[in-house]
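Everything on this sheet refers to the single structure shown next.
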Amino acid sequence: MARRRQAVTIKHVAADAGVSLQTVSRVVNKDTGVRPEMMSRVQASIDKLGYVPSIAAQRMGGSRSYLILALNDRERTIADWRTRQGTDWFDQMMLGGMLTCAEHGYRLIVELVDTHSDHIERELLAAIAALQPDGVILTPPHSGNPLIINLLAAHGISFARIGSLTEGPGIRLIMDDARAARIATEHLLELGHTRIGFIAGPAEYELSGWRVDGWRGAMEAAGVANADLLAVGDFSYASGRAAAEQLLALPTPPTAIIASNDQMTLATLELARTRNLAVPGDLSLISFDDTPIIRLAHPPLTAIVQPIAEVTTQAVNRIIADLGAHPTSPTPITVPALLSLRSSTARPREFRGR
């Protein structure tokens, strides 16, 4: 049996270069206090031995842990996993966060936390004590939770808040959900729709209100009524179906519906089929999220594409760049979402042939 090759450690580099472990760690961490000739000497040993720094070695050079902690919604994430629906939002967050952390020699660690748990403070403090992260990324709804925000600020931890405009400490990053809902609504208005229903997400997510504002603002700017066209779900498939049933039961039902996530849009699509409503012939649909299943649906659904990976990338970059400064962002950093047009929107029947 072939013997496993022994891993090169910081001790091997130190011995080869004839320096202390601390000196190697300072070179690995690009400490500006290391003399140029010493930096070159240690780097030559690193290159010769093929040494790859470990987090433990990096920590020896100072107070950094080289870990970024991301907090995601526990209940919703696990529910999607258990139903095998997947969570593309979570995947894209990991994509941007992990790749960007790796570029800086960091690691991304994810913890699932329930915002409304009575034990949230204890759970978060335990995670911080165990990991000692250099920074934390808060995703909705955690990013708007004052208990979490104030706890991190009190512990002097740099953190980014995705999808939150709530005033307070931390770096705020948004995808301009109000604008996204507005351009989706304007697309339908341009096609000739005036009865445009909107299925909102739960109020605990700040972005739910922004999307309603964008939809309502576009409707009012076009001078069309919207008072009876708003329904509310909780991002689940079942809630989307219930909300769509509410809208389609109106005396004058909508000819188009925008739903605030893909699961609720898929539920609306399925309900339309059971009622023999053709999409987009009888009902145009637009979704938020743009997960793979939306693009593979029949018909492929027009959707707001959220740049989640790019937002997380910026969050990591800002945390690392501002370590120790505990920054805030008076003006939120905006990475705009886009509308991807597919086959689920068309002119309403009364406009055909004009």
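Here OG1 of T274 is found 4.5 Å from CG of L271. Values are rounded to the nearest 0.5 Å. Between atom CD1 of residue I258 and atom CD1 of residue I304 there is a gap of 8.0 Å, rounded to the nearest 0.5 Å. Remark: T255 OG1 to L188 CG distance equals 8.0 Å, nearest 0.5 Å. Going from atom CE of M219 over to atom OG1 of T185 covers 7.0 Å, rounded to the nearest 0.5 Å. Note that CD1 of I183 and CG of L339 are 5.0 Å apart. Values are rounded to the nearest 0.5 Å. In this structure, CG on N317 lies 10.0 Å from CD1 on I171, to the nearest 0.5 angstrom.
Formation of a donor-acceptor pair under 3.5 Å by the R211 side chain with backbone atoms of S260 is found in this model. The backbone N or O of G233 lies less than 3.5 Å from no partner atom in the side chain of S239, so there is not a single donor-acceptor pair. Distance alone, capped at 3.5 Å, is enough to place a donor-acceptor pair between the R41 side chain and the A17 backbone. A donor-acceptor pair under 3.5 Å is absent between the side-chain atoms of T23 and the main chain of V19, judged by distance alone. Checked by atom type and distance alone, the side chain of D134 pairs as donor or acceptor with a backbone atom of Y66 at under 3.5 Å. R195 places a side-chain N or O within donor-acceptor distance of the main-chain N or O of T252, the cut-off being under 3.5 Å. N150 contributes a side-chain N or O that, together with a main-chain N or O of P146, makes up a donor-acceptor pair within less than 3.5 Å. Remark: the backbone N or O of T100 is not paired with any side-chain donor or acceptor of T313 at under 3.5 angstrom. With hydrogens and angles disregarded, no donor-acceptor distance shorter than 3.5 Å links the side chain of S344 to the backbone of S284. H142 contributes no side-chain N or O that, together with a main-chain N or O of I148, makes up a donor-acceptor pair within less than 3.5 Å.
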Determine, step by step, whether L250 and L248 satisfy the side-chain contact (heavy atoms from CB on, under 4.5 Å) criterion, reporting the C-alpha distance in whole Å, the side-chain angles of both residues, the deciding distance to 0.1 Å, and the verdict.
CA-CA 5 Å; L250 292 171; L248 294 177; over 6 Å; no
Do I199 and V232 pass the side-chain contact (heavy atoms from CB on, under 4.5 Å) test, and can you show the C-alpha distance, the side-chain angles, and the key distance before you say yes or no?
CA-CA 5 Å; I199 301 177; V232 179; over 6 Å; no
Quick one, R182 with E220, criterion salt bridge (Lys or Arg N to Asp or Glu O under 4.0 Å). Give me CA distance, side-chain angles, the key distance, then yes/no.
CA-CA 11 Å; R182 187 177 69 250; E220 291 175 351; over 6 Å; no
Go through the steps to decide whether Q306 and D177 satisfy the test side-chain contact (heavy atoms from CB on, under 4.5 Å), and finish with yes or no.
CA-CA 9 Å; Q306 300 186 81; D177 290 84; 3.9 Å; yes
Before you tell me yes or no, could you show the steps for F90 and V110 under side-chain contact (heavy atoms from CB on, under 4.5 Å), namely the whole-Å CA-CA distance, both residues' side-chain angles and the distance that decides it to 0.1 Å?
CA-CA 10 Å; F90 182 88; V110 177; 3.7 Å; yes
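Inter-residue side-chain proximity for R107 and I68 is flagged as unmet; no heavy-atom pair is nearer than 4.5 Å. The shortest distance between side-chain heavy atoms of D88 and D289 does not fall below 4.5 Å. Y106 has its side chain out of reach of L67: every pair of non-hydrogen atoms, C-beta onward, lies at least 4.5 Å apart. Counting heavy atoms from C-beta on, the side chains of P202 and S208 come closer than 4.5 Å. N145 places none of its side-chain heavy atoms less than 4.5 Å from the side chain of I149. With a 4.5 Å cut-off on side-chain heavy atoms, V335 and I174 do not count as touching. Proximity of W215 to I196: side-chain heavy atoms (C-beta onward) are separated by under 4.5 Å at one or more points. Side-chain contact between I157 and L69: absent, with no pair of heavy atoms (C-beta onward) separated by less than 4.5 Å.
A side-chain hydrogen bond (donor to acceptor under 3.5 Å, both in side chains) with S287 is found for exactly one of T268, T265, N261, T302, namely T265.
Taking the six-membered ring for Trp and thresholds of 30 and 60 degrees, F198 and F288 have ring planes more than 60 degrees apart, a perpendicular arrangement.
Side-chain contact, D114 with H119: no donor N or O sits under 3.5 Å from an acceptor N or O. A donor-acceptor pair shorter than 3.5 Å can be found between the side chains of D262 and T291. Side-chain contact check for D73 and Y205: at least one donor-acceptor pair (N or O, by modelled atom type) lies under 3.5 Å. Looking only at atom types and distance, the side chain of E206 has a donor-acceptor partner in the side chain of T166 under 3.5 Å away.
The hydrophobic cluster containing I308 does not contain L99, counting ILVMFWY residues as joined when their side-chain heavy atoms lie under 4.5 angstrom apart, directly or transitively. Linking Ile, Leu, Val, Met, Phe, Trp and Tyr whenever their side-chain heavy atoms come within less than 4.5 Å leaves L95 and V311 in two separate clusters. Each of V305 and L341 belongs to its own hydrophobic cluster when Ile, Leu, Val, Met, Phe, Trp and Tyr are linked at side-chain heavy-atom distances under 4.5 angstrom. Linking ILVMFWY side-chain heavy atoms closer than 4.5 Å, directly or via other members, places M93 and L338 in two distinct hydrophobic clusters.
Among all heavy-atom pairs drawn from T139 and L71, the shortest one is OG1-O, 2.7 Å. Residues R161 and G170 come closest through the heavy atom pair CD-CA, 4.3 Å. For the pair A153 and P169, the tightest heavy-atom approach, listed with the atom from each and the gap, is CB-CG, 3.7 Å. When all heavy atoms of L108 and A70 are compared, the pair lying nearest together is CD1-CB, 4.1 Å. Of all the heavy atoms in L21 and A14, the pair that sits closest is CD2-CB, 3.8 Å. A pairwise comparison of heavy atoms in I319 and S158 identifies CG2-CB, 4.3 Å as the closest pair.
Counted within 6.0 Å of CD1 on I293, heavy atoms from surrounding residues, nucleotides or ligands total 12 or fewer; the atom is thus considered open. Shown here is R74, whose CZ atom has no more than 12 heavy atoms of other residues, nucleotides or ligands within 6.0 Å.
Residues satisfying the salt bridge (charged side-chain N to carboxylate O under 4.0 Å, His left out) test with D290, not counting sequence neighbours, are R295, R342.
Under a 4.0 Å N-O distance rule, the pair R82/E75 does not qualify as a salt bridge.
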